[in-house]
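Quick notes on the structure that follows.
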Amino acid sequence: MNIPDVLQTEPRTLLVVDDDECFRTRLVQAFRDRGFAAAGAASYDEAVTAARADSPELAVVDLKLADRTGLEVVRALKAIDTTTNIVVLTGYGSIATAVESVRLGATHYLSKPADADQILGAFEGETPTASPAAVVPTLARVEWEHIQRVLTDCDGNVSHAARLLGLHRRSLQRKLSKNPGPEA
């Protein structure tokens, strides 16, 4: 047997970074069932430690983690290995965070719920199919996306973003804690 044949039979490595233990465990198992050497991490520190020990070829990163943002995880994973292919998942997507995650090196950005097949499609460059009818977002969704863009422009500084938006800091924090509603 020749060495390149051995390398081709090695399963692709995949890291799932999500603080929701149930979702992370199911996703890791779904990828293992598809032949990947999948592992999970619940936090920024766990993800960085796992990537330093064995840099994954693929990574699925939740945008909202308990300790830090998924954007910080994307930045750290790319600093460890620029070839890591990353898909960012979020339950609270916005155009600003999608643009920022791609700017930091993510390949794709998906809204939750996303299953293993959709994530694999994103790794392969497939785009989710949109409905043929024009989709009009709700006013609450548009406001939330605008707030997210301003917050991203302010590097996450809520006080600065509140000043730019003409809001009291606490009012902005309340708006940020609310669910923005469906994307349309």
Same apolar cluster (I L V M F W Y, side chains within < 4.5 Å links), Val102/Leu58:
no
Asp153: what forms a salt bridge (charged side-chain N to carboxylate O under 4.0 Å, His left out) with it, not counting sequence neighbours?
Arg149
Does atom NZ (Lys175) have a neighbourhood of more than 12 heavy atoms from anything else shown, all under 6.0 Å?
no
Side chain to side chain donor-acceptor pair (under 3.5 Å) partners of residues 155-165, not counting sequence neighbours, each pair once:
none
Pairs in or reaching into residues 27-42: which pass side chain to side chain donor-acceptor pair (under 3.5 Å), with residues at least two apart or in two chains?
Gln29-Asp33, Arg34-Asp117
Show your reasoning for whether side-chain contact (heavy atoms from CB on, under 4.5 Å) applies to Leu65 and Val73.
CA-CA 9 Å; Leu65 298 171; Val73 174; 3.6 Å; yes
Do Asp81 and Thr83 get their side chains close enough for a donor-acceptor pair, meaning under 3.5 Å?
yes
For residues 17-27, which residue pairs qualify under salt bridge (charged side-chain N to carboxylate O under 4.0 Å, His left out), counting only residues two or more places apart or in two chains?
Asp18-Lys112
So which atom in Leu110 and which in Ala122 form the shortest heavy-atom distance, rounded to 0.1 Å?
CD1-CB, 3.9 Å
Listed once per pair and sorted, the ring-ring contact (aromatic ring centres under 6.0 Å, His included) pairs that draw on residues 42-83, sequence neighbours left out
none
Between Ser171 and Leu167 (side chain of the first, backbone of the second, donor and acceptor by atom type, cut-off under 3.5 Å), is there such a pair?
no
Mind checking what makes side-chain contact (heavy atoms from CB on, under 4.5 Å) contact with Arg103, not counting sequence neighbours?
Glu100
Does the side chain of Phe36 come within less than 4.5 Å of Thr13's, by heavy atoms?
no
Do Val87 and Phe23 share a hydrophobic cluster, counting only Ile, Leu, Val, Met, Phe, Trp and Tyr and linking them when any side-chain heavy atoms are less than 4.5 Å apart?
yes
